[in-house]
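Worksheet for the structure shown next.
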Amino acid sequence: MTKRVAILISGGGSNMVSLVKIMQQDAQCNAKPVLVLANSDTAGGLAKAADLGVDTQVVDHRPFKGDRVAFEAVLHDVIEKYSPDIICLAGFMRVLTPSFIDKWTGKMLNIHPSLLPKYKGLHTHQRAIDARDMVAGCSIHVVTSELDGGPVLAQAKVAITPDDTADTLAAKVLVQEHKLYPAALKEFVRV
Ligand code: GAR
């Protein structure tokens, strides 16, 4: 059966677009996008999702004033209305607690811009440059209650060149993200 996929974003949503496109354009991809949800109505990806014909919702985290569990309860209720089988985090920049994660065990994926287990958390590209790494990259992993710590499904690497800044490296890695995440989702819904 075709898997129903909800995608959570916080920003521009370029990874979300790559996910929606493979689901809409690749007949072999056993999934369809049912919802794009952002935690702010300023997320640029919302308009892109609407243009692609995908339902959008916003659950703003700010009124919850740091009460993550209360935010997640509303988040869960809104998502449940779309009956997704899978959630894809695609640049969703809120840390989720077990109160949400445990409801989606084995059904939630994330893309992280580093070669996990290296550089969990933020500023991954600058940290790779500062460490004088020769390669950087991105990872797709199953979300568990350990931040950026769940089983890795796929990775892509890029070379770090001497002239790279965090911005140029991020741009190079993003090109790979847009290939890796759709491919990993397609494989995830195949098995
Ligand atoms: C992507 O680079 C993604 O890997 C990263 O945010 C960016 C979102 O871009 N995610 C994280 O850092 C998660 N910790 P996008 O909105 O254009 O897809």
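Below, all heavy atoms of this structure are taken into account, side chains as well, without hydrogens, waters or symmetry copies. Counting convention: from 1, in listed order, for ligands and their atoms alike.
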Considering only protein heavy atoms, which is closest to [atom], and at what distance to one decimal place?
atom	value
atom 1 (C) of ligand 1	Glu177 OE1, 3.1 Å
atom 9 (O) of ligand 1	Asn15 ND2, 4.0 Å
atom 16 (O) of ligand 1	Gly13 N, 2.8 Å
atom 14 (N) of ligand 1	His112 ND1, 3.6 Å

Based purely on interatomic distance, does [X] place a nitrogen or oxygen under 3.5 Å from a nitrogen or oxygen of ligand 1?
X	result
Asn110	no
Asp148	no
Gly91	no

query: Less than 4.5 Å apart, any side-chain heavy atom of Asp85 and any of Lys107?
result: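 No, too far: nothing below the 4.5 Å cut-off.
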
query: Is there a side-chain contact between Met23 and Ile7 (heavy atoms, below 4.5 Å)?
result: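 Result yes, sub-4.5 Å side-chain heavy-atom pair found.
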
Does [X] have a heavy atom less than 4.0 Å from any atom of ligand 1?
X	value
Gly45	no
Ile9	no
Cys138	no

message: Under a 3.5 Å cutoff, is there a donor and acceptor pairing between the side chains of Thr124 and His112?
response: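 Not at all, the side chains of Thr124 and His112 share no donor-acceptor pair under 3.5 Å.
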
query: Just by distance, with hydrogens left out, do Asp163 and Thr161 show a side-chain donor and acceptor under 3.5 Å apart?
result: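 Distance-only check passes for Asp163 and Thr161.
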
- prompt: Which atoms from ligand 1 have a heavy atom of Gly12 less than 4.0 Å away?
  reply: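 So the answer, numbered in order with elements, is 16 (O).
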
query: Charged N to carboxylate O under 4.0 angstrom, Glu146 versus Lys120?
result: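 Judged by the 4.0 Å cut-off on N to carboxylate O distance, Glu146 and Lys120 do form a salt bridge.
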
task: Please report the closest heavy-atom contact between Ala90 and Ile111, naming both atoms and the distance.
output: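 Minimum heavy-atom separation between Ala90 and Ile111: CA-CG2, 4.3 Å.
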
task: From the options Pro113, Ala43, Ala90, Ser139, select the one whose nearest heavy atom is closest to atom 5 (C) of ligand 1.
output: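 Of the listed residues, Pro113 has the closest heavy atom.
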
message: Please state which option from Ser10, Ser14, Ala170 has its nearest heavy atom closest to atom 17 (O) of ligand 1.
response: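 Checking each option, the heavy atom nearest atom 17 (O) of ligand 1 is found in Ser14.
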
query: Atom SG in Cys138, atom CG in Leu115: separation rounded to 0.5 Å?
result: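 Going from SG on Cys138 over to CG on Leu115, the span is 7.5 Å.
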
message: By the definition side chain to side chain contact (heavy atoms under 4.5 Å, CB included), identify the one residue from Met93, His61, Arg62 that meets it with Asn39.
response: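 Of all the options given, the one that passes is His61.
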
message: Check the orientation of Phe92 and Phe71. Use parallel for under 30°, tilted for 30 to 60°, and perpendicular for over 60°.
response: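 Aromatic pair Phe92/Phe71 classed parallel.
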
